[in-house]
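As a basis for the values below, the full set of heavy atoms in this structure was taken, side chains included, without hydrogen atoms, waters or symmetry mates. Throughout, a chain's letter reflects where its sequence line sits, starting with A, and its residues are numbered from 1.
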Protein chains: 2
Amino acid sequence: MSDYDSVSADIETEEEIPEEHPRYQDLLTRHRIEAGVEKGITHLQGMHAEGRGSAFDYLLGEETIPSADAAERAAAAHLLLADRPVLSINGNVAALVPGEMAALADAVDADLEVNLFNRTPDRIEAIAEHLREHGADDVKGLEADARIPNLDHERSKVDADGIYAADVVLVPLEDGDRAEALDEMGKTEIVIDLNPLSRSPQVADVPVVDNIIRAVPTITEHARELADADEADLRAIVADFDRERALEAAEERIRSGDL
Amino acid sequence: MSDYDSVSADIETEEEIPEEHPRYQDLLTRHRIEAGVEKGITHLQGMHAEGRGSAFDYLLGEETIPSADAAERAAAAHLLLADRPVLSINGNVAALVPGEMAALADAVDADLEVNLFNRTPDRIEAIAEHLREHGADDVKGLEADARIPNLDHERSKVDADGIYAADVVLVPLEDGDRAEALDEMGKTEIVIDLNPLSRSPQVADVPVVDNIIRAVPTITEHARELADADEADLRAIVADFDRERALEAAEERIRSGDL
């Protein structure tokens with residue numbers, strides 16, 4: 001790839017990235033991930049994953065396509081209808097949208113739970129602290145006193161009163177094995193992923209094919225707008241959402257988009 | 001992205017990656033870049049660039065398409081015809097294909113020159129040493145006693161008897177500004193890049209749209225096969241290569257490929 005380094009990588013704070021730069025969103029995303037690695041909250045592999053996502057975002061036109069907006073509205077309705085909604089946080093999510101996830105948790109009255117592929121006590125604590133600095137009241141995932149069935153030991157760790165007991169979970173940038181195991185537990189699963197054919201969006205009840213830095217604030221906007229909606233209206237939004245059509249629309253955009 | 005972490009990232013040596021794994025090439029690439037970061041030869045941003053490339057490679061089908069093979073053959077012919085061929089090495093190239101670049105330099109009697117976007121004396125020396133460990137005899141780029149015109153100071157640094165004086169340069173994974181500036185110097189430029197619409201392949205005389213870990217050994221194979229070809233045959237290969245058709249074929253494959 002060539003254009004990745006057409007602006008200096010030596011940026012200290014994100015305010016230094018010119019907002020009028022044609023690749024502003026990509027540069028901001030990359031800067032936040034890099035800062036996350038330096039802060040010990042993002043695994044080095046997260047930088048690779050983000051790069052991979054950025055290529056798909058480029059193919060999508062780096063915008064929230066209409067089918068993604070519909071998925072984000074359905075996600076908001078699911079979260080508002082849930083008895084025990086939980087938002088799952090990994091190293092990339094924490095680096096990219098810490099304040100945005102705290103705001104969404106607040107808007108839909110959900111818990112935030114840290115769940116890591118490469119789980120170490122230091123990283124968990126650093127992420128929980130990072131979330132608190134960005135407005136999160138309470139962060140789960142430190143207890144890890146329950147296990148997701150059919151998953152290897154480290155990745156199966158969850159809080160008994162968090163993801164384990166949740167009816168609706170938002171799992172952004174989730175690995176495929178874990179997304180499948182959560183699906184098998186019967187949970188309503190909302191996945192944010194830029195590749196519509198990845199396993200995670202394929203098993204999701206609501207696949208959101210969008211960049212997380214656009215998707216999370218948009219779900220929050222929908223949730224605030226729907227805060228006073230009655231249950232029948234929320235159920236209608238959920239029923240109207242067509243996951244297959246959303247996946248197809250994203251694939252179609254990637255294939256025909258502005259390469 | 002989800003499948004990036006469907007195999008543990010905690011691999012110590014590349015021999016631990018199972019060769020029969022369906023994502024072997026991707027895992028190997030990622031491991032080498034990660035090791036490069038840890039060794040101080042690859043910038044953290046290189047991990048992001050590699051992730052981005054891997055998405056395009058996935059769309060290409062993770063194989064050398066026929067038009068890329070034709071480009072690789074034309075690249076070999078150009079390098080054999082050159083009076084002063086130079087192969088440019090950055091942090092990702094050094095991490096991914098150090099031995100392969102040394103073998104190509106040997107096959108076409110070219111110089112290797114280290115050229116970095118984020119240039120520090122420590123990184124340059126680490127990369128030169130890494131190349132020597134992988135069989136490179138002589139590594140240029142440490143003198144930096146000449147400048148590419150029309151480029152900012154740090155990125156313009158080259159060796160007077162290296163890239164500055166070269167007639168044919170192979171610049172894999174090059175940034176767009178530098179590729180343009182080299183083109184303006186009138187050099188025959190061979191670029192390896194997985195996105196056919198990046199600026200670097202767009203300005204190249206020979207755009208090779210292929211993964212560098214496949215492209216470099218294939219150029220070397222062609223060069224060895226053509227070692228005894230006469231000049232007229234080499235010139236015919238160069239003349240027959242159609243850069244526009246190669247770029248179009250790559251884009252077509254990405255759009256219609258196995259998403």
When rounded to the nearest 0.5 Å, the distance separating OH of A/Tyr58 from CG of B/Leu197 is 5.5 Å

Rounded to the nearest 0.5 Å, the CE atom of B/Met47 sits from the CD1 atom of A/Ile33 at a distance of 11.5 Å

Rounded distance [0.5 Å steps], CD1 in A/Ile254 versus CD1 in B/Ile254: 12.5 Å

Does CZ in B/Arg147 sit with more than 12 non-hydrogen atoms of other residues, nucleotides or ligands closer than 6.0 Å? yes

Determine whether a donor-acceptor pair (N or O, by modelled atom type, separation under 3.5 Å) exists between the side chain of A/Arg52 and the backbone of B/Arg52. no

Straight-line distance of A/Thr42 OG1 to B/Leu44 CG, nearest 0.5 Å: 10.0 Å

For A/Ser256 and B/Arg255, run side-chain contact (heavy atoms from CB on, under 4.5 Å): C-alpha distance rounded to whole Å, both residues' side-chain angles, the deciding distance at 0.1 Å, then the answer. CA-CA 7 Å; A/Ser256 62; B/Arg255 291 213 187 277; 5.6 Å; no

Does a side-chain heavy-atom distance below 4.5 Å link B/His48 with A/His48? no

State, yes or no, whether a side-chain contact exists between A/Glu34 and B/His43 at a heavy-atom distance under 4.5 Å. yes

